[in-house]
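To keep things clear, I will list the structure first and then write my remarks on it.
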Amino acid sequence: MEVKFLDLKKQYSLLKNEIDSAVQTVFADAAFIKGKEVEKFEESFANYCGVSHCISCGNGTDALTVLLKVHNLPKGSEVILPANTFIATAEAAVSNGLKPVFADIKEDFTISPESAESLINPNTSAIIAVHLYGHPADMEPLKKIAEKHDLKLFEDAAQAHGALYRGKKVGTLADGAGFSFYPGKVLGAAGDAGAVLLNDEEKALKAKMFCNHGRSLKYFHEFAGINSRMDTLQAAVLNVKLKHLDEWVEARNRVAKMYIEQLSGVSEIVLPEIHPETLDAWHLFVIKTEKRDHLQEYLKNCGIETGIHYPLSLPEQPAFASHMSYCGGYRALKESHTLLSLPIGEHLNAEEVVFVSEKIKEFFVKNI
Ligand SMILES: Cc1ncc(COP(=O)(O)O)c(C=O)c1O
């Protein structure tokens, strides 16, 4: 048996008629930039999440960059974000002339509010919570900390489409959020795409203009912006897929629950937990084990694809090596060599989940 980590070909085969027809409409209209599908997606995603403004853009990195941009944070100020995340969270700070500062993570991989608070100083302007692997960060304590210290609080929701925190959709829990629709995400386009969610009309307008060369009218530019627009083709694909998001999140939750049931007796691994206050999107199902590399190799030989997210935490990356001075003792660094992402997604059936689980148990019984 072969178990794929991600199966976008299967997803396409199930949605082929809808996607092909949506793509054909874009070609028939020949409105490749700012076509009506883009507006439709912005409206639908804003409604889906329960926020007043969705501003589409070229990718998730730009979404986070624009989100920080429109908040006009003081140049050179510090932005606290978790040490274990994709580099884009930190790049958004750097490209705005801000300094990323890394907080440690909790057992559940999201930013530790205590660690974040300990890093606050008079030069701190914001905190970015990342709903890593689709698990919502604990926003309530973060909100209290942000309010107490008069900081902005943002969400990097690039991995958490459809997830809920205390009954509310992620992306609506702070001063604004950035989403990625990179193809492998829970809601993925057929290329790069992203969006900013905001509840502030003025900032939303600024974000919209910034993504489109700072223009308010054709060839009339209020300020210098960037070119980061969602292609109409991507919006057309996303409009089809958005209708399936809830059922996909449900399917991912079923797989996660099965893994937890199947693997709970294996003492050599630490499993992610199901939290009563959240509905996770389960973009990734990440286990921890000291035998990560051997287990990955064993599973590969059994036909099971896995991933590592991420091989290095951000302070371990050459790009941020100077941060090691205060991050050396972090859980994020101690655990980065133990992380293994198992296949998860709506493409998996129960038989495959059992197969993966059996092979993991077999590996530890054989004591390789
Ligand atoms: C946590 C996180 N933030 C930001 C991004 C950036 O998104 P994109 O790849 O669309 O620029 C990603 C996606 O890879 C991500 O996983």
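One-based numbering, in listed order, for ligands and for the atoms of each. Each residue takes its place number in the sequence, starting with 1. Any value given below was found using the heavy atoms of this structure, including those in side chains, with hydrogens, waters and symmetry copies removed.
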Does the pair [X]/[Y] count as a salt bridge with the N-to-O cut at 4.0 Å?
X      : Y      : answer
Glu362 : Lys366 : yes
Arg331 : Glu107 : yes
Glu358 : Lys361 : yes

Polar atom proximity, [X] to ligand 1 (N or O, under 3.5 Å):
X      : result
Thr85  : no
Gln159 : yes
Ala88  : no
Tyr182 : no

Considering only non-hydrogen protein atoms, determine which one is nearest to [atom] and report residue, atom name and distance to 0.1 Å.
atom                    : answer
atom 13 (C) of ligand 1 : Lys185 NZ, 2.8 Å
atom 9 (O) of ligand 1  : Ser180 OG, 4.0 Å
atom 1 (C) of ligand 1  : Asp156 OD2, 3.5 Å
atom 15 (C) of ligand 1 : Ala158 CB, 3.5 Å

*Look at the rings of Phe45 and Phe179 and say which category their plane angle falls in: under 30° parallel, 30 to 60° tilted, over 60° perpendicular.*
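The arrangement is perpendicular - the two ring planes meet at more than 60°.
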
_Mutual orientation of the aromatic rings belonging to Phe41 and Phe181 [parallel < 30°, tilted 30-60°, perpendicular > 60°]_ =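 Because their plane-to-plane angle is over 60°, the rings of Phe41 and Phe181 count as perpendicular.
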
_With a heavy-atom distance limit of 4.0 Å, tell me whether Thr61 approaches ligand 1 through its side chain, its backbone, both, or neither._
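Within the 4.0 Å criterion, Thr61 contacts ligand 1 through backbone and side-chain atoms alike.
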
*Is the CD atom of Glu273 crowded by more than 12 outside heavy atoms at less than 6.0 Å?*
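Not more than 12 within 6.0 Å, no.
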
_What verdict does the side-chain contact (heavy atoms from CB on, under 4.5 Å) test give for Val170 and Thr278, after you've listed the backbone C-alpha separation in whole Å, the side-chain angles of each residue and the deciding distance to 0.1 Å?_
CA-CA 10 Å; Val170 302; Thr278 63; over 6 Å; no

*Would Lys169 count as a cation-pi partner of Tyr48, with NZ or CZ less than 6.0 Å from the six-membered ring centre and within 45° of the ring normal?*
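Verdict for Tyr48: a cation-pi partner in Lys169.
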
_Tell me whether Leu64 reaches ligand 1 (any heavy atom closer than 4.0 angstrom to a ligand atom)._
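Contact present.
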
*Going by the order shown, which atoms of ligand 1 are within less than 4.0 Å of some heavy atom of Phe86?*
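So the answer, numbered in order with elements, is 2 (C), 5 (C), 12 (C), 13 (C), 14 (O), 15 (C), 16 (O).
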
*What atoms of ligand 1 come within less than 4.0 Å of a heavy atom belonging to Gly60?*
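Listed by number with element: 6 (C), 7 (O), 8 (P), 10 (O), 11 (O).
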
